[in-house]
There are 2 protein chains.
Amino acid sequence: MRATGSGFLAGAMTLAWMTVASAAEPIQLRDMGSFHVGGRIVELTGQPVRDIVRVPGGPTSKLDPNGRYQVEHMYAQYFLVQNKKARYPILMWHGGGLTGATYETTPDGREGWRDMFIRKGWDVYVTDAVERGRSGFASPDIWNAPPLFLTQTDPWERFRIGPGPGSFDADPAKRKLLPGNQFPVEAFDAFTKQIVPRWLSTDDAVLQAYLALIDKVCPCVILAHSQGGFFGFRAAEARPDKVKALVAVEPASAGPAKGAASLKNVPVLTVFGDYIEQDPRWVAYSKNVLAYLAALKAAGGSGDVIDLPKLGIKGNSHMLMMDRNNRDVADQIQKWLVGRGLVEP
Amino acid sequence: MRATGSGFLAGAMTLAWMTVASAAEPIQLRDMGSFHVGGRIVELTGQPVRDIVRVPGGPTSKLDPNGRYQVEHMYAQYFLVQNKKARYPILMWHGGGLTGATYETTPDGREGWRDMFIRKGWDVYVTDAVERGRSGFASPDIWNAPPLFLTQTDPWERFRIGPGPGSFDADPAKRKLLPGNQFPVEAFDAFTKQIVPRWLSTDDAVLQAYLALIDKVCPCVILAHSQGGFFGFRAAEARPDKVKALVAVEPASAGPAKGAASLKNVPVLTVFGDYIEQDPRWVAYSKNVLAYLAALKAAGGSGDVIDLPKLGIKGNSHMLMMDRNNRDVADQIQKWLVGRGLVEP
C-alpha cells in the first residue's frame, strides 16, 4: 500500500500507477559495494590486561587494551546504476542519532529515497557518519565523553510528528499527531529502531571523514538531512570545486553566514516540510538557514528554497524521506536537479 | 587487481578470466531494502533532565533521558536477485566485533561473498547483530556493562594472519605473517576500520533477534562466521524446521553437544581454513565443533567438514571471505549447497 498524499486526485492516481510500475522493474546495478574512509590511529598505553571468554564454553583469551586503535573513519555503501542519467554521483548524509538506514526502505516498508534516486539514474553513496552504524565508535579513553541515548518521546515531539512537548504517549492510540501529518505513525516504533546513540563532541571528526569521502568519490551532489545539513554546508565550503550541488533537507543549521561566499558557484537547495512555524525550535533553525542563504545570494550565489506547503505538498514531518508522500518530495528535488543540468529527466 | 591465490597456474588463469567476466555483468535485483526485527521496550525513570545544543550555533533543547527506549533489535539488509536459482534465501551472520560489512567488498576492494552469492542466484540477507552497526546499542543504564574495544594487534594475532602473540607491529613492514597467508595484508588497516565495539553480556539478546529474523524471512540457509557460528547452531536448534542448512564458517563454538540431536534433519557444513593446528586457541575451538558434529552424527544427522588445506586450498586466515582466494572458498560452499539440492548449479 503506497499513499501519495498529494491531495490532487488526478495527480494521485497517476503517481500510484507509476509507483506500482517502477517497483515491478528490476534494479540494475553495474556494481555495488562498500568501504571505509578517513580516520586516524590512536595509541593507548598503561591499561590493565585481562582474560576474557569470547564465546560461551570457549577458552579464555587475553584482552590487552594497550595498542593501536583505528578511530573516526566512516563507512560508505555504494550502488552504481547500470543506466546512468546523472552527471555525478549523489551522496546521502543522514541526520543526528541516525544512520544510512534513513534512506533505505521506510519504516512501514515502502521504497526509500536511495532506491528512488537509483531508479532516476543516479549512482548513490549512503554513509554512516563517524560514531554511528558501521563506522563504529571510539572508547571513552579516546573520546572522553559518553554518548546520548534518545527516548521514543524525543523524535515524536521534536521531529514535527506530534505537536511538541506532551504529545507522545506509551499507548499508540493516545499519541497526539499534528493534523494531516504524513509520517507513517503505525510504524513509529519501527522507526525508533533506527535510532543510534550520538555524541556531542565529535563534529570535527565527522566533518574530516566526510571530506575524505569527497576526496575519494567526487565531483558529486550532496543530499544532506538535518544535522547532516550542517556538515553538508561545511564540506561544500571546504570543497566548492568538488561539490556540484548541495541539497540540504531540513538542515538543522547552515552554520555561520560568513562562510557563504565560498559557495557562490555551488547551486544550493534547501527543502522544508510543514508545521515549521508551529515549533519555536524549527523557527530558529530555519531563520539561521535563511540568513545563510541571504548571505550566499549577496555574494553572487544561488540559494533556492522549496517550502513544500507552498507547493501544495502538505503534512511533512522532519523525516520527509519516510513520510507517506516521500516520492512527491523526491520528485521535487529531482526536478530542481534536472533544472541545474545535473541529471537527464 | 584481483588475486586468485590458488597456486595452480592453469586454475588461476581460468579463475582470473571468470572474475573479470562476472564483474562486468550487471547485478539484477527484483528488490532490495532493509528493516529492523525483534527487540524490546525498556523504560527509564528518575534520570536528570538537561539542556543540550545539538548543532553548533543552534538553540538549546531539552534532553530528557526518562522514558521508553527501543533496545536489542537487529538491522537486516536484503538483496533479492532477479534470476533466482536457490530454493531459499541465504542469511549471512558476521563474527564478534564486526558487522555485516564482513560480507561486502573486501578491504582491498575485491568482490565479497554477498555479491558472489547474489550472482550465484541467492536472495541474500546481511545483518548487523544486536549491539553492532546499524542495530545500535543500549545505554549503560540498561545493559550495565561497558563494551570491549579491539586494538589492531588483536585480530592480526588471533585471526591467523600473523603467527600469534608478538607478530603484529605498528610498522607494516615489520608485521610477521604466517607463511603463504592469503589475507590481503596491504589492506589490514582498512580491515580494522570494520571493527566495532562488542559486549560480553548480550548473547541472549543477540540470539532472540536472530530468531525474530528467522521467523520473519525463513525457511532459509544460514551462513554464519566465527562468533556468528555459535548463534547459528543455537538458532538452528531452536528452529530446525525453518533452517534448511547451516554453513558454519570457522565457528568459534558450536555450543554444548547435548543440543546436537535437534539438528538431525538439518544439513550442517563447517569450513575451516589453514594453520589451525599452529594456534592452541583454534585447536580448542575446532575440538568443540568436532565433538558437536560427532554427537550430531550419533543422533542420525549429517555434519560435514571442509578442511580447506586438505583440498589443496591453502593459506586461509580466519577471515576466509576476505582472503585473496575468497572465491575458491565460496565455490566450495556453493558446491556443497548444490549437492544438498538447495540451489541449481
Side-chain angles (χ1 to χ4, degrees), chain A residues 26-30 32-36 39 52 54-59 61 63-70 73 75 82 96 99 101 104-105 109 115 128 133-134 136-137 139 148-149 151-153 158 170 189-190 192-197 200 203 227 230 252-253 255-256 281 284-285 288, chain B residues 26-30 32-36 39 52 54-59 61 63-70 73 75 82 96 99 101 104-105 109 115 128 133-134 136-137 139 148-149 151-153 158 170 189-190 192-197 200 203 227 230 252-253 255-256 281 284-285 288:
Chain A
I27 294 174
Q28 297 204 37
L29 303 170
R30 62 184 198 285
M32 62 178 177
S34 67
F35 55 82
H36 288 78
I52 60 169
R54 295 176 199 243
V55 286
S61 62
L63 181 78
D64 182 349
N66 301 293
R68 290 156 54 94
Y69 292 85
Q70 275 282 0
H73 43 270
Y75 171 80
Q82 178 70 7
T99 71
E104 299 182 336
T105 315
D115 296 355
D128 294 346
R134 291 175 171 175
F137 57 95
S139 97
L148 306 180
F149 297 83
T151 61
Q152 288 196 310
T153 307
R158 286 195 312 113
D189 284 8
T192 62
K193 296 182 185 183
Q194 296 188 12
I195 296 173
V196 294
L200 293 176
D203 284 356
Q227 182 205 28
F230 174 78
S253 169
R281 202 173 60 100
Y285 283 178
N288 159 282
Chain B
I27 293 175
Q28 296 203 41
L29 303 170
R30 63 184 195 285
M32 63 178 178
S34 67
F35 54 82
H36 288 77
I52 60 170
R54 297 178 197 242
V55 286
S61 62
L63 181 77
D64 182 350
N66 301 293
R68 289 155 54 94
Y69 292 84
Q70 275 281 1
H73 44 270
Y75 171 80
Q82 178 71 9
T99 71
E104 299 181 336
T105 316
D115 296 355
D128 294 346
R134 290 174 172 176
F137 57 96
S139 96
L148 305 180
F149 297 84
T151 61
Q152 289 195 310
T153 307
R158 285 195 314 113
D189 284 8
T192 62
K193 295 182 185 184
Q194 296 189 11
I195 296 173
V196 294
L200 293 177
D203 284 356
Q227 183 205 28
F230 174 78
S253 169
R281 203 172 62 98
Y285 283 177
N288 160 280

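Below, chains carry the letters A, B, ... as their sequence lines are ordered, and counting in each starts from 1.
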Requested in this report: Please identify each residue that fulfils salt bridge (charged side-chain N to carboxylate O under 4.0 Å, His left out) with A:Asp189, with sequence neighbours left out.
Outcome: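 For A:Asp189 the salt bridge (charged side-chain N to carboxylate O under 4.0 Å, His left out) partners, ignoring immediate neighbours, are A:Arg175.
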Sort out for me which of [options] touches chain A most, counting heavy-atom pairs under 4.5 Å.
| options | answer |
| --- | --- |
| B:Phe137, B:Tyr75, B:Tyr285 | B:Phe137 |
| B:Ala101, B:Gly136, B:Gly39, B:Gly133 | B:Gly133 |
| B:Gly58, B:Ala170, B:Pro256 | B:Ala170 |
| B:Thr105, B:Thr151, B:Asp203 | B:Thr151 |
| B:Asn288, B:Asp64, B:Val196, B:Val55 | B:Val55 |

Heavy-atom pairs under 4.5 Å with chain B, option from [options] with the top count:
| options | value |
| --- | --- |
| A:Arg158, A:Arg281, A:Gln194 | A:Arg158 |
| A:Pro65, A:Pro56, A:Gly255, A:Gly33 | A:Pro56 |
| A:Thr192, A:Ile52, A:Thr153 | A:Thr192 |
| A:Ser139, A:Gly67, A:Ala190, A:Ser253 | A:Ser139 |
| A:His73, A:Gln227, A:Arg54 | A:Arg54 |

Portion of [X] that has a non-hydrogen atom of chain A nearer than 4.5 angstrom:
| X | answer |
| --- | --- |
| B:Asp115 | side chain |
| B:Pro59 | both |
| B:Leu200 | side chain |
| B:Ala284 | side chain |
| B:Phe35 | neither |
| B:Leu29 | both |

Region of [X] that comes under 4.5 Å of a non-hydrogen atom in chain B:
| X | value |
| --- | --- |
| A:Gln82 | side chain |
| A:Leu63 | side chain |
| A:Phe230 | side chain |

Query raised in the report: What distance separates B:Phe149 CZ from B:Ile195 CD1, expressed to the nearest 0.5 Å?
Result: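 Here the rounded value is 12.5 Å.
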Query raised in the report: To the nearest 0.5 Å, what is the distance between CD (B:Gln70) and NE2 (B:His36)?
Result: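 Those atoms lie 10.0 Å apart.
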Report task. Using a 4.5 Å cut-off on heavy atoms from C-beta on, say whether the side chain of A:Thr99 contacts that of A:Arg134. Result ->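 Of all side-chain heavy-atom pairs linking A:Thr99 with A:Arg134, none is under 4.5 Å.
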Report task. For B:Ser34, enumerate each residue passing the side chain to side chain donor-acceptor pair (under 3.5 Å) test, keeping only those at least two apart in sequence or located in another chain. Result ->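 Partners of B:Ser34 under the side chain to side chain donor-acceptor pair (under 3.5 Å) test: A:Glu104.
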